[in-house]
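Okay, so here's the structure we're looking at.
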Amino acid sequence: MPSPDALTRGQKVKLSRLARDLLDWASEHGRTFPWRDDGVSTYEKIAVEVLLQRTTATAVSRFYGAFFEKYSGWSELASAEVEDLEQFLKPLGLWRRRAVALIGLARYARDRNGSFPEHQSEHSEIPAVGQYVSNAILTFQHGQSLPLIDVNMARVIERFVRPRRLADIRYDPWLQDAAKWFVRGRDSAFRSWAILDFAALTCKARKPECPTCPVRRRCSYFAGTKQAVADR
DNA sequence: AACTCGGGGAG
DNA sequence: CTCCCAGAGTT
């Protein structure tokens, strides 16, 4: 008997079509960020994820050049003075936590020549590495096909397919499976970026732009809003 | 499961 | 003014 929280066949089909449509959407409307460019080092790809935590991507994009000019590699970041790094991070917010996190992560990486473990189970001891950054490491350094699950991806999947049942996205097995299914295949990072961009530009938290949404006809959230209007 | 960190932008 | 942002660590 299947787990009550397993992905159903219908949900898989729905997510596959959503992935196809959002990749098309992103080819025209997707955002451009320096950390997505070809040739960006693994150091920058992983370290920037800490800058992005609970922070708008546009804010980080303005900050990006100065940060990686000042801290050009794991060893430079590892040997940074905490107070100096804190001051530098202040305009971005979360500066006390982030300074400690970045230095801890950098020292871990420096001591291993920038090479992170290939399995999630070994990531639990790494500073600043949780569910999201762990998947980023496995994706960008080890070529695995894993989703970058943040509030954006969670919101789109939950609106489009099924409302959330657990409070914390880190411990929702259904969401984890749905997100993995969504990005499965080659170039999973492009699929993650597509749904993140779609979430930021169209399926917004505060005021989603359903009237112009390309996938509204198959969206359960849009169906719900239509019903709510009809009931009025 | 609920709190906390935090400045800046959007509504 | 309130809400939100490519989360993670702590209680």
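Per chain, numbering begins at 1; letters A, B, ... match sequence-line order. Please read these numbers as outputs of a predicted model, since none were measured by experiment.
- The side chain of A:Arg62 lies closest to B:dG9, out of B:dA1, B:dG9, C:dG7.
- Using the six-membered ring where Trp is involved, A:Phe116 and A:Tyr108 have ring planes that are parallel, under 30° apart on the 30 and 60° scheme.
- Regarding contacts with the backbone of C:dA8, every side-chain N or O of A:Arg97 stays at 4.0 angstrom or more from both OP1 and OP2.
- The minimum heavy-atom distance linking A:Asp172 with A:Leu166 is given by the pair CA-CD1, 3.6 Å.
- Rounded to whole angstrom, the span from the CG atom of A:Asp168 across to the P atom of B:dT4 amounts to 16 Å.
- Rounded to an integer number of Å, the gap from A:Asp150 CG to C:dC4 C1' is 12 Å.
- Looking at the side chain of A:Tyr132, the nearest of the listed nucleotides B:dG9, C:dA8, B:dA1 is C:dA8.
- At a threshold of 4.0 angstrom between heavy atoms, the contacts of A:Arg31 include nucleobase atoms, whether or not backbone atoms are also involved.
- Between the side chain of A:Arg170 and the base of C:dA8 there is at least one donor-acceptor pair of N/O atoms closer than 3.5 Å.
- The residue A:Gly130 sits close only to the backbone: its heavy atoms come under 4.0 Å of sugar-phosphate atoms, none of a base.
- B:dG6 and C:dT11 are spaced 15 Å apart, taking the P atom of each and rounding to whole Å.
- Using a 4.0 Å heavy-atom criterion, one finds that A:Val133 contacts the sugar-phosphate atoms exclusively.
- For A:Arg206 and C:dC3, a side-chain-to-base donor-acceptor distance below 3.5 Å is present, hydrogens and geometry of angles not being considered.
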>> I'd like to know whether A:Phe88 forms a ring-ring contact (aromatic ring centres under 6.0 Å, His included) with A:Phe63, so could you lay out the CA-CA distance, the side-chain angles of the two residues, the decisive distance to 0.1 Å, and finally the verdict.
In response: CA-CA 10 Å; A:Phe88 196 77; A:Phe63 195 79; 5.4 Å; yes
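- For A:Leu52, counting side-chain heavy atoms from C-beta on, the closest listed nucleotide (C:dC5, C:dA6, C:dA8) is C:dA6.
- If you take atom P in B:dT4 and the same atom in C:dA6, they sit 23 Å apart, rounded to whole Å.
- Ring pair A:Trp193/A:Phe190 is perpendicular by interplanar angle, where above 60° counts as perpendicular and below 30° as parallel.
- In terms of heavy-atom proximity, A:Glu49 sits nearest to A:Val133 at CB-CG2, 4.2 Å.
- A straight line from CZ of A:Arg98 to C1' of C:dA6 spans 11 Å, rounded to a whole angstrom.
- A:Ser188 and A:Thr139 make their closest contact through OG-CG2, 3.8 Å (heavy atoms, listed as atom of the first residue, atom of the second, distance).
- No close placement of the A:Phe160 and A:Phe222 rings is indicated, their centers lying 6.0 Å or farther apart.
- Between the base of C:dA6 and the side chain of A:Arg36 there is a donor-acceptor pair shorter than 3.5 Å.
- With the nearest nucleotide of DNA chain B identified for both A:Gln53 and A:Lys204, A:Gln53 has the one nearer the 5' end.
- Looking at heavy-atom distances under 4.0 Å, A:Val151 makes contact with sugar-phosphate atoms alone, never a base.
- Mapping A:Glu49 and A:Ile126 onto DNA chain C by nearest heavy atom places A:Glu49 closer to the 5' end of the strand.
- Rounded to a whole Å, the CD1 atom of A:Ile169 is 10 Å from the P atom of C:dC5.
- Among B:dA2, C:dG7, C:dA8, the nucleotide with an atom closest to any side-chain atom of A:Arg54 is C:dG7.
- In the set B:dG6, C:dA6, B:dA2, B:dG6 carries the atom at the smallest distance from any side-chain atom of A:Thr55.
- With rounding to whole Å, A:Phe88 atom CZ is found 17 Å from B:dG6 atom P.
- Nucleic acid contact class of A:Leu148 (heavy atoms, under 4.0 Å, all strands): none.
- One can place CZ of A:Arg96 at 16 Å from C1' of C:dT10, the figure rounded to the nearest angstrom.
- Nucleic acid contact for A:Ala59: none, since no nucleic acid atom lies under 4.0 Å from a heavy atom of the residue.
- Between A:Leu92 atom CG and B:dG8 atom P there is a gap of 9 Å when expressed in whole angstrom units.
- With rounding to whole Å, A:Leu94 atom CG is found 12 Å from B:dG8 atom C1'.
- A:Trp95 has a side-chain polar atom (N or O) that falls below the 4.0 Å cut-off from OP1 or OP2 of B:dG7.
- Residue-level contact check: A:Lys207 touches neither bases nor backbone, having no heavy atom under 4.0 Å from any strand.
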